[in-house]
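I have placed the structure first, in the form of structure tokens, so that the comments after it can refer back to it.
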Amino acid sequence: MTMKTQLWTGGRLATLAGDTAWGWVEQGAVLTQGEHILWVGATADLTPELRATVAQTHDLGGAVVTPGLIDCHTHLVYGGQRAREFELRLQGASYEEIAKAGGGIRSSVAATRQATEHQLYAQAAHRLLNLLKEGVTTVEVKSGYGLSQASEAKMLRVARRLAGLGVDVRTTYLGAHALPPEFDGRADEYVQAVCDWLPLLQREGLVDAVDAFCEGIGFTPAQTRKIFEAARAAGLPVKLHAEQLSDQGGSQLAAEFKALSCDHLEYLSAEGVAAMAAAGTVAVLLPGAYYFLRETKLPPVQALREAGVPIAISTDHNPGTSPTLSLLLMLNMACTLFRLTPEEALRGVTVNAARALGLADRGQLAPGQRADFCLWDVEHPNELAYYFGRNPLRQVVRGAKLRG
């Protein structure tokens with residue numbers, strides 16, 4: 001069966017491919033075949049032979065066109081919310097006091113365990129729709145608020161179902177997110193349970209990658225290594241919540257396992273930067289959590305640049321430390337808080353975000369890539385990072401199909 005060829009003309013393209021700034025093509029066109037891009041370039045350079053293959057033509061109406069956005073680190077599936085905890089923290093309550101009052105991650109675990117699969121889906125779908133309205137075409141969703149085999153599976157099934165909303169979903173097993181109450185004082189036993197659940201979840205087709213929280217209040221490097229070894233045995237890639245609150249050396253450990261990404265990284269050391277660079281591991285920066293927690297220790301952005309470590313940006317949407325549902329706002333925060341350039345920020349939610357998920361078929365407007373792209377009512381792509389509180393999205397094309 002011959003795949004339909006479509007020509008999209010009249011766009012100003014930020015391809016993020018090639019050597020020029022933004023991969024800019026002023027009067028550009030995109031030729032798609034099936035769900036992928038066949039050709040990209042200046043409209044004047046389109047050959048008669050290629051034009052002859054076109055079955056349908058679309059006018060991009062002078063819009064700035066970018067690749068579809070990718071949110072590569074989220075915790076979209078969970079029960080309840082933690083606004084009261086936010087209020088208490090503003091009043092000076094400590095983490096320990098909040099936990100004793102029934103707050104903290106364990107409150108999210110309790111709410112997630114109590115919620116039905118239908119309830120979790122309805123809540124997560126409502127959150128995801130906010131991201132889709134800003135041009136997100138691929139999203140990663142982690143588990144980690146179930147912390148039991150049944151509840152982790154429930155979360156991951158919900159994450160898979162979210163693909164029905166018209167988005168590509170990558171699922172990450174984060175069983176090692178926190179210690180559940182029934183395992184108090186038995187962290188090593190819990191880590192073994194997390195490892196034992198992995199092949200069962202994988203057998204259900206629920207896991208694309210494995211993550212852990214390597215931190216003083218999370219899991220030790222030795223415990224994280226055990227989880228990574230289980231992931232390796234299962235043939236699954238790993239990611240890591242690393243160096244958010246202290247330097248645990250998690251980034252070096254993750255690099256040893258050729259991790260797709262290390263995320264947060266405020267306390268990343270020079271040794272960690274070098275290890276990530278050698279392994280090709282992506283640095284995922286999460287300005288929403290940095291802002292919400294009023295952190296002051298900046299991630300070493302300049303060291304990452306100099307080492308050639310790709311930098312991605314994400315919402316880190318979660319109920320406790322980053323309840324944002326705007327990836328566009330994260331572009332602005334990445335620039336204002338972390339001093340990224342607008343182009344670096346856009347690359348952080350496209351091509352580098354794709355790398356953080358191990359996806360080589362998206363994130364740029366280039367031949368062979370998925371035909372996922374966004375049309376924006378702006379004069380230049382730097383406006384996407386410049387504004388906050390404004391959504392200039394005109395339309396989304398996903399798999400060469402117009403989305404409303």
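Along the sequence shown, residues are numbered consecutively beginning with 1.
Q248 and S246 share a donor-acceptor pair across their side chains, judged by distance under 3.5 Å alone. A donor atom on one side chain and an acceptor atom on the other are found under 3.5 Å apart for T171 and R160. Side chain to side chain, T321 and N318 meet the donor-acceptor criterion of an N or O pair below 3.5 Å. Defined by atom type and a distance below 3.5 Å, a donor-acceptor pair is present between the side-chain atoms of W24 and E26. Defined by atom type and a distance below 3.5 Å, a donor-acceptor pair is missing between the side-chain atoms of H241 and D263. A donor-acceptor contact under 3.5 angstrom links the side chains of E243 and S251, judged on distance only. Side-chain contact of Q119 with Q123: a donor-acceptor pair under 3.5 Å is absent, judged by distance alone. Looking at S143 and E152, their side chains do bring a donor and an acceptor atom within 3.5 Å of each other.
Other residues, nucleotides and ligands contribute more than 12 heavy atoms inside 6.0 Å of the NE2 atom of H380. E295 CD: more than 12 foreign heavy atoms inside a 6.0 Å radius. Residue-environment remark: CD (E379) stays at or below the threshold of 12 foreign heavy atoms within 6.0 Å.
Separation of atoms CG (L16) and CD (E343) is listed at 6.5 Å; rounding is to 0.5 Å. A distance of 6.0 Å separates OG of S314 from CG of L286, quoted to the nearest 0.5 Å. The CG atom of N130 sits 12.0 Å away from atom CG of L327, with the distance rounded to the nearest 0.5 Å.
With Q6 contributing its side chain and A400 its backbone, the two residues share a donor-acceptor pair below 3.5 Å. Proximity of a side-chain donor or acceptor of K4 to a complementary backbone N or O of E35 within less than 3.5 Å is not detected. Formation of a donor-acceptor pair under 3.5 Å by the T281 side chain with backbone atoms of A259 is found in this model. Between the Q202 side chain and the A234 main chain, a donor and an acceptor come within less than 3.5 Å of each other.
Considering only heavy atoms from C-beta on, T315 stays 4.5 Å or farther from L325 through its side chain. T32 has its side chain out of reach of L38: every pair of non-hydrogen atoms, C-beta onward, lies at least 4.5 Å apart.
Checked against the 6.0 Å centroid criterion, the rings of Y78 and H317 qualify as a close aromatic pair. Proximity of the aromatic rings of H177 and H75 is defined here by a centroid distance below 6.0 angstrom, and this criterion is met. Taking the centre of each ring, W376 and Y386 stay at or above the 6.0 Å mark. Checked against the 6.0 Å centroid criterion, the rings of W197 and Y173 do not qualify as a close aromatic pair.
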Inset, instruction - Check step by step if side chain to side chain donor-acceptor pair (under 3.5 Å) holds for Q192 and D196. - result: CA-CA 6 Å; Q192 183 58 56; D196 292 342; 2.8 Å; yes
Inset, instruction - Check the pair T138 / R170 against side chain to side chain donor-acceptor pair (under 3.5 Å), numbers first and verdict last. - result: CA-CA 8 Å; T138 300; R170 304 297 289 179; over 6 Å; no
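For the pair E266 and K297, the salt-bridge criterion is not met [side-chain N within less than 4.0 Å of a carboxylate O]. Between E204 and R157, at least one side-chain N (NZ, or NE/NH1/NH2) sits under 4.0 Å from a carboxylate O, which counts as a salt bridge. Salt-bridge formation is detected for the pair R394/D377: a Lys NZ or Arg NE/NH1/NH2 atom is positioned less than 4.0 Å from an Asp or Glu carboxylate oxygen. Here E182 pairs with R113 in a salt bridge; the nearest charged N to carboxylate O distance falls below 4.0 Å.
Listed by chain and number, the residues in a salt bridge (charged side-chain N to carboxylate O under 4.0 Å, His left out) with R339 amount to none (sequence neighbours excluded). Partners of P300 under the side chain to side chain contact (heavy atoms under 4.5 Å, CB included) rule, at least two apart in sequence or in another chain, are L268, V273, A303.
Pairs engaging residues 210-226 under the salt bridge (Lys or Arg N to Asp or Glu O under 4.0 Å) rule: K142-D211, R225-E256 [sequence neighbours left out].
Here the closest heavy-atom approach between residue V77 and residue Y145 is recorded as O-CD1, 3.9 Å. Here the shortest heavy-atom pairing between L365 and D372 reads CD2-O, 4.2 Å. Nearest heavy-atom pair across L328 and E134 is N-OE1, 3.0 Å. Heavy-atom minimum distance, T53 versus E49: CG2-O, 3.4 Å.
Geometrically, R186 engages F183 in a cation-pi contact defined by less than 6.0 Å to the ring centre and at most 45° from the axis.
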